[in-house]
Amino acid sequence: MSEKSSESTFISVRDIPGVNPAIAEKLEAAGYVSVWSIVVVRPEELAEKTGIPVPVASKIIENARKMLGIRFKTAKEVKSERLNVKKITTGSKGLDELLGGGIETKTITEFYGEYGSGKTQICHQLSVNVQLPYEKGGLLGRAVYIDTEGTFRWERIEAMARALGLDPDTVMDNIYYIRAYNSDHQISTVDDLFSFVPKNNVKLVVIDSVMSHFRAEYPGREHLAERQQKLNAHLHQLMRLAEAYNIAVVVTNQVMARPDIFYGDPTMAAGGHVLAHVPGVRVYLKKAKGNKRIARVVDAPHLPEGETVFAITEEGIRDVEE
Ligand code: GTP
Ligand code: MG
């Protein structure tokens with residue numbers, strides 16, 4: 001089976017050789033519904049979450065991998081997979097260029113910055129833009145919007161859709177919204193996405209913001225290690241989701257502005273970015289005059305260093321008009 005066909009079709013864990021109905025029930029109860037959710041998990045993690053013994057979990061993973069034809073790849077195959085990465089336009093040519101063409105699939109992109117820097121506006125815009133045809137910078141797909149702060153506005157989606165000449169009702173129909181009430185809810189929602197995403201042609205998953213619940217539930221230094229461990233597991237889960245289904249995952253993270261300390265070095269922002277231990281693209285956002293915002297890509301080896309200025313207009317995210 002080719003990579004291309006296997007990544008986009010839903011295959012039930014029940015189809016894995018060696019998975020009897022009793023095991024299938026345990027897998028599904030723990031949120032492992034598709035074969036893709038199995039091939040990317042470690043045996044110990046699968047065993048822990050399902051109560052299946054580690055050797056059995058190991059065998060299931062091995063069979064799932066065989067089933068999908070996962071093995072060593074040649075460099076040429078790696079190249080063609082890389083070419084398979086798709087991009088979603090942000091609405092600003094300048095910002096797209098900074099990101100190497102737009103928001104990439106198969107990876108996590110983190111937007112971090114202080115309040116009002118435009119993180120939520122970008123999430124709204126991407127949820128609309130992912131629905132555009134390919135030639136206009138979209139993926140003809142739907143969006144999942146996980147909102148942890150209650151700042152999602154359908155009115156804004158409507159306005160952004162209209163500005164692009166799209167039917168607002170259709171666009172809103174293609175955005176699946178969920179309010180996550182705590183970090184466990186946030187994590188289990190993402191677990192569910194392993195079956196939801198392929199069934200519903202979802203091409204973008206947004207979490208705005210990825211950190212707020214973790215920050216509130218694990219306050220202070222004494223909880224830092226526990227919080228980081230849970231957060232890292234969550235981010236790896238998101239990474240697997242992005243890779244398994246060739247979708248874009250976009251997360252936001254509010255950080256305090258500390259111009260005295262980090263001016264010229266946004267990686268030193270208080271709280272820092274959350275993607276320290278996962279591959280991904282980190283974009284630092286900073287307020288500028290009026291509706292202007294500055295974006296800077298931070299430690300992305302495959303992207304050139306630099307900044308760009310974009311604007312938050314009535315229509316949405318746009319280039320700054322000179
Ligand atoms: P926090 O969630 O508080 O950390 O901020 P954020 O980074 O998510 O900021 P957000 O994306 O909410 O950006 C807020 C800015 O977007 C506001 O200061 C406004 O300038 C702009 N904005 C929000 N809604 C509208 C709108 O309907 N029209 C226009 N023209 N601008 C808007
Ligand atoms: Mg926000």
Side-chain angles (χ1 to χ4, degrees), residues 88-92 94-96 98-99 103 108-130 143-164 166 168 171-172 175 177-183 186 189 204-216 231 238 248-259 262 266-267 269-275 281-298 307-321:
I88 307 170
T89 181
T90 59
S92 153
L95 186 52
D96 286 353
L98 184 76
L99 294 166
I103 303 289
I108 305 178
T109 303
E110 174 188 354
F111 287 95
Y112 72 106
E114 64 171 316
Y115 74 93
S117 57
K119 304 179 294 292
T120 297
Q121 293 301 307
I122 289 179
C123 292
H124 279 64
Q125 187 72 63
L126 291 170
S127 302
V128 175
N129 290 3
V130 68
V144 163
Y145 200 108
I146 303 173
D147 184 5
T148 68
E149 297 174 330
T151 53
F152 179 81
R153 297 282 172 271
W154 59 264
E155 297 91 333
R156 199 58 182 133
I157 297 292
E158 220 172 40
M160 287 173 169
R162 279 217 179 84
L164 291 173
L166 301 171
V171 168
M172 287 192 286
I175 299 173
Y177 172 86
I178 186 160
R179 178 83 200 265
Y181 288 98
N182 55 47
S183 66
Q186 187 175 323
T189 300
L204 167 73
V205 170
V206 162
I207 306 189
D208 183 23
S209 92
V210 75
M211 267 292 271
S212 52
H213 287 317
F214 289 93
R215 236 182 229 130
L231 184 65
L238 286 167
V249 171
V250 171
V251 303
T252 71
N253 177 25
Q254 194 195 67
V255 295
M256 241 58 98
R258 300 268 307 269
F262 74 76
T267 58
H273 56 70
V274 295
L275 285 184
V281 180
R282 297 162 263 277
V283 188
Y284 174 68
L285 299 177
K286 195 164 176 255
K287 284 193 265 193
K289 228 176 173 185
N291 67 354
K292 293 192 184 107
R293 300 292 185 274
I294 299 165
R296 187 185 302 177
V297 171
V298 178
E307 319 187 318
T308 193
V309 184
F310 65 95
I312 307 174
T313 73
E314 273 319 308
E315 281 80 46
I317 305 298
R318 292 293 184 272
D319 283 320
V320 173
E321 287 183 20

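Counting starts at 1 for both ligands and their atoms, in listed order. Quick note: numbers below take in every heavy atom, side chains included, and nothing from hydrogens, waters or symmetry partners. Computed from a prediction, not measured in an experiment: that's the story for all the values here.
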Please classify the T252 to ligand 1 contact at 4.0 Å (heavy-atom distances, strictly less than): side chain, backbone, both or neither. neither
Working for ring-ring contact (aromatic ring centres under 6.0 Å, His included), residues H124 and F152: CA-CA 8 Å; H124 279 64; F152 179 81; 5.0 Å; yes
Hey, is T313 one of the residues with a heavy atom under 4.0 angstrom from ligand 1? yes
Between E114 and ligand 1, find which residue part has any heavy-atom pair under 4.0 Å and reply side chain, backbone, both or neither. backbone
Got a donor-acceptor contact below 3.5 angstrom from the K287 side chain to the G113 backbone? no
Separation between CD1 of I88 and CD of Q125, rounded to the nearest 0.5 Å: 11.5 Å
Between D319 and G94, what is the shortest heavy-atom contact and its length? OD1-N, 2.9 Å
Contact between I312 and ligand 1, counting heavy atoms under 4.0 Å? yes
If you have a sec, work out which protein heavy atom is nearest atom 7 (O) of ligand 1 and how many Å separate them, to one decimal? K119 NZ, 2.8 Å
Can you tell me which residue and heavy atom of the protein come closest to atom 5 (O) of ligand 1, and the distance to 0.1 Å? G116 N, 2.8 Å
Counting non-hydrogen protein atoms only, what is the nearest one to atom 30 (N) of ligand 1? Give residue, atom name and distance. E314 OE2, 2.9 Å
Please report the interatomic distance CE(M172) to CD(E155), rounded to the nearest 0.5 Å. 9.0 Å
When you measure from atom 25 (C) of ligand 1 to every protein heavy atom, which one gives the shortest distance, and what is it? R156 NE, 3.6 Å
Can N253 and R215 be counted as having a side-chain donor-acceptor contact under 3.5 angstrom? yes
Of the protein N/O/S atoms, how many lie under 2.8 Å from the Mg ion (ligand 2): 1
Distance, nearest 0.5 Å, that separates CD of Q254 from CD of E149: 7.0 Å
Is G118 in polar range of ligand 1, meaning some N or O pair under 3.5 Å apart? yes
Using atom types as modelled and distance alone, determine if a side-chain donor or acceptor of K119 lies under 3.5 Å from a backbone N or O of E114. yes
Would you say the side chains of D96 and T90 form a donor-acceptor pair under 3.5 Å? yes
Atom 20 (O) of ligand 1: nearest protein contact (heavy atom, Å): R293 NH2, 3.6 Å
So which protein heavy atom does atom 16 (O) of ligand 1 come closest to, and at what separation? Q121 CG, 3.4 Å
Atom 12 (O) of ligand 1 sits nearest the protein heavy atom T120 CB, 3.8 Å
Measure across P168 and R162 and return the closest heavy-atom pair with its distance rounded to 0.1 Å. CG-CG, 3.7 Å
Are the side chains of M211 and E110 in touch, meaning some heavy atoms are under 4.5 Å apart? no
Distance-only side-chain donor-acceptor flag, N129 / T89, under 3.5 Å: no
